[in-house]
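This structure is a prediction, so every number in the text was calculated from the model and none was measured.
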Amino acid sequence: MANGVAIRPGCTTLRIMAKNNQNKRRITDGRPLSQVAALPFRLGDGGGVEVLVMTSRETQRVIIPKGWPIKNRKDWKSAQIEAREEAGVIGDVGRKRLGQYLYWKRLETHFALVKVAVYALAVRRQLADWPERHERAQIWLSAEDAAMLVDEPELGALILDFAQSRAARLLAGSPQKGARGPAVAAFPAATGPAAP
């Protein structure tokens with residue numbers, strides 16, 4: 001219970017409170033902050049890798065689901081949880097980090113350098129409702145188009161490398177019933193899945 005509000009483990013509010021204290025310490029010693037991200041993907045009808053990208057809440061930049069690591073959770077598990085909360089996708093996450101990229105995060109009074117560890121997420125299901133559904137637009141794109149739209153060159157290169165790798169097909173495995181999920185409407189107006 002914090003300020004009269006019940007907080008469950010792994011909840012966003014609890015993570016933000018814990019991270020604010022850690023961030024204050026790290027910013028002052030010059031080290032980059034750490035985040036985790038999921039790279040939600042599926043195999044398209046033609047067998048090519050498609051990536052789910054979305055907009056950030058404040059600046060509307062094209063991103064993949066990411067957030068602060070959750071205390072007492074593995075980074076890959078934190079990335080999987082972020083994908084569910086931010087993009088409404090559930091699937092099989094790779095336990096090994098695909099790579100990492102750096103970006104500048106806008107904080108209240110300044111910018112901070114953030115290092116993001118990225119984990120592949122083979123999407124098996126798109127939820128009809130999720131916590132941040134009305135706050136972000138999202139769309140499935142070819143890996144090439146997704147790489148072109150993201151602002152961070154290191155993330156773009158990571159997306160392209162992954163799409164061409166054997167690992168993408170192995171992690172995707174054979175499609176399960178309903179693996180593609182409903183179509184997702186395009187930027188910028190839509191914030192959830194379109195009608196099938």
Side-chain angles (χ1 to χ4, degrees), residues 1-41 51-136 138 150-152 154-155 158-159 162 167 171 191-192:
M1 191 71 84
N3 296 332
V5 177
I7 299 177
R8 68 185 193 288
C11 125
T12 301
T13 305
L14 183 61
R15 286 197 317 248
I16 290 170
M17 290 169 33
K19 280 319 255 185
N20 284 340
N21 291 335
Q22 180 184 0
N23 290 346
K24 287 176 188 171
R25 285 192 304 271
R26 285 193 120 175
I27 290 169
T28 60
D29 70 11
R31 291 183 295 162
L33 304 175
S34 296
Q35 286 190 322
V36 296
L39 179 61
F41 77 98
V51 175
L52 181 67
V53 294
M54 60 190 197
T55 56
S56 63
R57 287 189 290 189
E58 293 181 22
T59 62
Q60 300 300 300
R61 293 180 314 110
V62 176
I63 62 169
I64 58 175
K66 68 179 181 297
W68 305 112
I70 302 169
K71 189 174 182 176
N72 299 322
R73 299 278 177 120
K74 300 279 188 187
D75 284 350
W76 58 264
K77 186 64 176 174
S78 294
Q80 187 178 41
I81 291 168
E82 286 297 330
R84 184 186 183 287
E85 289 179 357
E86 292 185 358
V89 291
I90 296 174
D92 302 323
V93 66
R95 306 298 197 270
K96 184 178 176 188
R97 184 180 73 184
L98 289 177
Q100 64 187 25
Y101 68 96
L102 296 169
Y103 82 102
W104 289 97
K105 180 168 184 63
R106 181 190 314 256
L107 300 175
E108 283 185 29
T109 59
H110 61 282
F111 288 86
L113 186 62
V114 179
K115 179 172 58 175
V116 184
V118 180
Y119 296 85
L121 179 78
V123 174
R124 303 294 181 208
R125 193 169 63 139
Q126 172 85 40
L127 300 174
D129 192 27
W130 62 92
E132 297 183 18
R133 177 178 175 213
H134 299 290
E135 300 174 39
R136 304 173 186 275
Q138 58 180 223
V150 295
D151 284 344
E152 298 81 12
E154 293 169 308
L155 176 57
L158 196 148
I159 290 170
F162 176 69
L171 188 56
T191 57

Query raised in the report: What distance do L107 atom CG and T109 atom OG1 have between them, rounded to the nearest 0.5 Å?
Result: 7.0 Å

Query raised in the report: For I90, does its backbone N or O pair with a side-chain atom of Q80 as donor and acceptor, under 3.5 Å?
Result: no

Query - Side-chain (R136) to main-chain (T55) donor-acceptor, under 3.5 angstrom - result: yes

Report task. Identify the heavy atoms of V36 and A79 that sit nearest to each other, and give their distance. Result -> CG2-N, 3.7 Å

Report summary line: When every non-hydrogen atom of F162 is compared with those of A120, the smallest separation belongs to CZ-CB, 3.7 Å

Report task. Using atom types as modelled and distance alone, determine if a side-chain donor or acceptor of R125 lies under 3.5 Å from a backbone N or O of V123. Result -> no

Query raised in the report: Which heavy-atom pair separates A112 from L33 by the least distance, and what is that distance?
Result: CB-CD1, 3.9 Å

Report summary line: One should read off an interatomic distance between M54 CE and R61 CZ, to the nearest 0.5 angstrom, of 10.5 Å

Query - Spatial distance of atom CD (E82) from atom CH2 (W68) [nearest 0.5 Å] - result: 10.5 Å

Report task. Any chance you could measure Y119, atom OH, to L39, atom CG, to the nearest 0.5 Å? Result -> 13.0 Å

Requested in this report: Rounded to the nearest 0.5 Å, what's the gap from CG on L121 to CZ on F41? Could you check?
Outcome: 7.5 Å

Query raised in the report: Charged N to carboxylate O below 4.0 Å: is that the case for E154 and K115?
Result: no

Query raised in the report: Is K66 close enough and on-axis enough to Y103, meaning under 6.0 Å and within 45°, for cation-pi?
Result: yes

Query raised in the report: Hey, mind stepping through K77 and V93 against side-chain contact (heavy atoms from CB on, under 4.5 Å) and telling me if it holds?
Result: CA-CA 8 Å; K77 186 64 176 174; V93 66; over 6 Å; no

Requested in this report: Can you see which heavy atom on S78 is nearest to which on I70, and at what distance?
Outcome: OG-N, 2.9 Å

Report task. Would you check if the side chain of E152 reaches a backbone N or O of Y101 as a donor-acceptor pair within less than 3.5 Å? Result -> no

**Report entry** OG1 on T59 to NZ on K105, rounded to 0.5 Å
**Finding:** 9.0 Å

Requested in this report: Measure across P69 and S34 and return the closest heavy-atom pair with its distance rounded to 0.1 Å.
Outcome: CD-O, 3.3 Å

